[in-house]
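See structure below.
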Amino acid sequence: MAEEIKEAPEKLPAKKVLANIADNVYESAIEAKARGEKVGWISSNFPQEIPETLGLHCVYPESQAAAISAKGGSLAMLEHAEGDLGFSNDLCAYARISMAYADLGKCPNGEREMPLPDFVLCCNNICNCMMNWYENIGKMLGIPVIMIDVPYNDKYDVDAKRIAYMRGQFDDCIKQLEEITGKKWDENRFAEVCEISNKVGQAWLEATQYMQYEPSPLNGFELFNHMAVATMARGKQESLDGFLQLIDEYKQFVKEHKSTFKVEEKNRVMFEGIACWPFLRATLHPLKHSGTNVTACVYGPSFAFTYGNTDEMMRAYAEMPNAINLERAVELREELCKAGKVNGGLIHNNRSCKMWSGIAPEMGRRIANDLHIPVVTFDGDQSDPRNFSEEQYNTRVEGLLEIMENNKKGE
């Protein structure tokens, strides 16, 4: 009897592969908790190579809050944090959602469930709010809080003193995690993880750079979804495979003159800041309707950590957009704007992220003056739907579009 020929399973598109990787981070942590292993909550820009080397399962409250918000579940969590726990609505919405989840142990809309932690890993290179946020989680749950303090860099480059200061904290973090979890540090495994993490950072950065093509082979808003893997799974081989597949798809799109931005690209803009997760459709629609694509955004590439040795790794973690001075922050955005060939800028004045938004107006003013492009701001929030006005956003986008069109006409 002839052997039955089985067809190979259809290859999933990169966006689905990446989504599955992000889902697996949470599912694996839930399974580990059920086995009795200790799991952690970790801030998005904590040196992930440390828990990955120890084989620990860690989940990300920021990514969880974003997912909850994108699915419409943030308001109930925010109201619980404010009304039942007594936290001010002036605090970061991610923090309020996280503390509500720590208290409830669940989300009302069932989105992105994750196990409660046995320890938390905090790094303030992205936000000083992290310190109090994670300290509160530690007190609420009675668990250890391990923090790596990254000093703000008021100079252009990260100096040797800052690296030495961080190195001591790296070593102490490893020692504490060994005591908490019973795991033992392995330098050979650390080298393997760093090699993969570095390659993942390089691949993610390469993927984001495809926005530079004219027209861009991708809708710039896609980066807000794909960056979840760069955030949560930098030290995993499957992440590298997923990003390499994404690059291959973008390469093919360039060859075929195709794009995931499904309308004619008439304008190209910088989008500055974190996405308004409860209003992704509302913020994308007026741009897409007018043929305006996002081809420059610092948020996605900021998770592309690349380095050659341990000191360079620490330097990379100290060069996050919120850990550098205004002059270097402006330079970083202007380089992205030039590479993305933008003719306008849209800045999210994020009520949750005071550190990021505090310098945003001045950054916008300098970018507009230096690059001779119009830059407008709109008020919003990464997770609190009460801080966003769709009408205001539409008006600001209309004004930006009008100026860009007049610039094209030479008016």
Side-chain angles (χ1 to χ4, degrees), residues 12-71 73 94 97-98 101-102 105-107 109-123 126 130 134 137 146 177 181 183 189 192-194 196-201 203-204 207 222-246 275 277 299-300 302-305 317 383:
L12 293 174
K15 68 177 182 179
K16 182 63 176 176
V17 171
L18 294 171
N20 288 343
I21 293 170
D23 289 342
N24 189 55
V25 170
Y26 292 92
E27 292 167 5
S28 297
I30 292 171
E31 292 169 0
K33 186 79 170 183
R35 293 193 300 267
E37 296 182 34
K38 293 186 182 297
V39 302
W41 285 7
I42 179 173
S43 60
S44 62
N45 285 310
F46 189 93
Q48 191 180 95
E49 292 82 355
I50 294 175
E52 186 71 31
T53 297
L54 288 166
L56 302 177
H57 292 275
C58 294
V59 288
Y60 291 77
E62 294 154 85
S63 294
Q64 184 205 34
I68 289 171
S69 304
K71 296 294 184 178
Y94 280 179
I97 291 171
S98 179
Y101 190 88
K106 62 180 181 179
C107 175
N109 71 349
E111 183 65 29
R112 196 64 92 185
E113 299 289 352
M114 64 187 197
L116 293 179
D118 300 292
F119 58 88
V120 291
L121 302 175
C122 175
C123 188
I126 194 169
M130 286 287 177
Y134 277 53
I137 297 293
I146 301 174
L177 283 174
T181 66
K183 306 271 189 178
R189 175 58 182 157
E192 292 173 0
V193 169
C194 287
I196 294 172
S197 182
N198 195 40
K199 289 179 178 177
V200 168
W204 172 235
E222 289 176 18
L223 298 186
F224 291 133
N225 292 324
H226 299 335
M227 65 179 280
V229 172
T231 306
M232 299 188 291
R234 289 191 292 274
K236 300 182 185 296
Q237 180 63 42
E238 55 264 37
S239 302
L240 176 58
D241 296 339
F243 283 140
L244 291 176
Q245 182 181 336
L246 184 67
W277 295 111
Y299 192 41
S302 67
F303 292 91
F305 296 95
Y317 277 101
S383 284

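Tyr101 places no side-chain N or O within donor-acceptor distance of the main-chain N or O of Leu116, the cut-off being under 3.5 Å. With hydrogens and angles ignored, the 3.5 Å screen pairs no side-chain donor or acceptor of Ser63 with any backbone N or O of Tyr60. Proximity of a side-chain donor or acceptor of Gln48 to a complementary backbone N or O of Thr231 within less than 3.5 Å is detected. The backbone N or O of Glu49 sits less than 3.5 Å from a side-chain atom of Thr53, completing a donor-acceptor pair.
For Tyr134, there are no side chain to side chain donor-acceptor pair (under 3.5 Å) partners, not counting sequence neighbours. Listed by chain and number, the residues in a ring pair (Phe, Tyr, Trp, His ring centres under 6.0 Å) with Tyr317 are Phe305 (sequence neighbours excluded). Under the side chain to side chain donor-acceptor pair (under 3.5 Å) criterion, Ser44 pairs with Glu62, sequence neighbours left out. For Trp204, the ring pair (Phe, Tyr, Trp, His ring centres under 6.0 Å) partners are Phe243, not counting sequence neighbours. Applying the side chain to side chain donor-acceptor pair (under 3.5 Å) test to Asn20 and every residue at least two apart in sequence or in another chain returns nothing. Residues forming a side-chain contact (heavy atoms from CB on, under 4.5 Å) with Asn198 (at least two apart in sequence, or on another chain): Gln202, Thr306, Tyr307. In terms of the side chain to side chain donor-acceptor pair (under 3.5 Å) criterion, residue partners of Ser69 (sequence neighbours excluded) are, by chain and number, Ser383. Judged as a salt bridge (Lys or Arg N to Asp or Glu O under 4.0 Å), and not counting sequence neighbours, the contacts of Glu192 are Arg189. Considering only residues two or more places apart in sequence or on other chains, Leu244 meets the side-chain contact (heavy atoms from CB on, under 4.5 Å) condition with Ala203, Leu240, Ile247.
Nearest heavy atom pair, residue Ala233 against residue Val25, reads CB-CG2, 4.3 Å. Contact detail for Ala14 and Gln245: the closest heavy-atom pair is N-NE2, 3.3 Å. The two residues Cys58 and Pro51 make their nearest non-hydrogen contact at SG-CB, 3.9 Å. Across every non-hydrogen atom of Ser43 and Cys123, the tightest pair is OG-N, 3.0 Å. Across Ala102 and Ile137, no two heavy atoms sit closer than the pair CB-CD1, 3.7 Å. Residues Val39 and Ala29 approach most closely at CG1-O, 3.7 Å, considering heavy atoms.
Pairs engaging residues 226-238 under the salt bridge (Lys or Arg N to Asp or Glu O under 4.0 Å) rule: Glu52-Lys236 [sequence neighbours left out]. Judged as a salt bridge (Lys or Arg N to Asp or Glu O under 4.0 Å), the pairs with a partner in residues 17-28 (not counting sequence neighbours) are, in order, Asp23-Arg112. Residue pairs that meet the salt bridge (Lys or Arg N to Asp or Glu O under 4.0 Å) test with at least one member in residues 29-46, sequence neighbours left out, are Lys33-Asp118, Arg35-Glu37.
Taking CZ of Phe303 as the start and CG of Leu223 as the end, the distance is 12.0 Å to the nearest 0.5 Å. The CG atom of Leu56 sits 6.0 Å away from the CG atom of Leu177 when rounded to the nearest 0.5 Å.
Using bins of under 30°, 30° to 60° and over 60° for the plane-to-plane angle, the ring pair Trp277/Phe224 lands in the perpendicular bin.
Glu222 places none of its side-chain heavy atoms less than 4.5 Å from the side chain of Lys15. In this structure, Val59 and Gln64 have side chains that are not in contact, with every pair of non-hydrogen atoms separated by 4.5 Å or more. Looking at Asn24 and Tyr26, their side chains never come closer than 4.5 Å, going by heavy atoms from C-beta outward.
Between Trp41 and the options Cys122, Pro61, Pro115, a side-chain contact (heavy atoms from CB on, under 4.5 Å) holds for only Pro61.
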Chi angles and distances behind the side chain to side chain contact (heavy atoms under 4.5 Å, CB included) call for Ile97, Ile68
CA-CA 9 Å; Ile97 291 171; Ile68 289 171; 4.1 Å; yes

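In this structure, a donor-acceptor pair under 3.5 Å is present between the side chains of Gln237 and Asp241.
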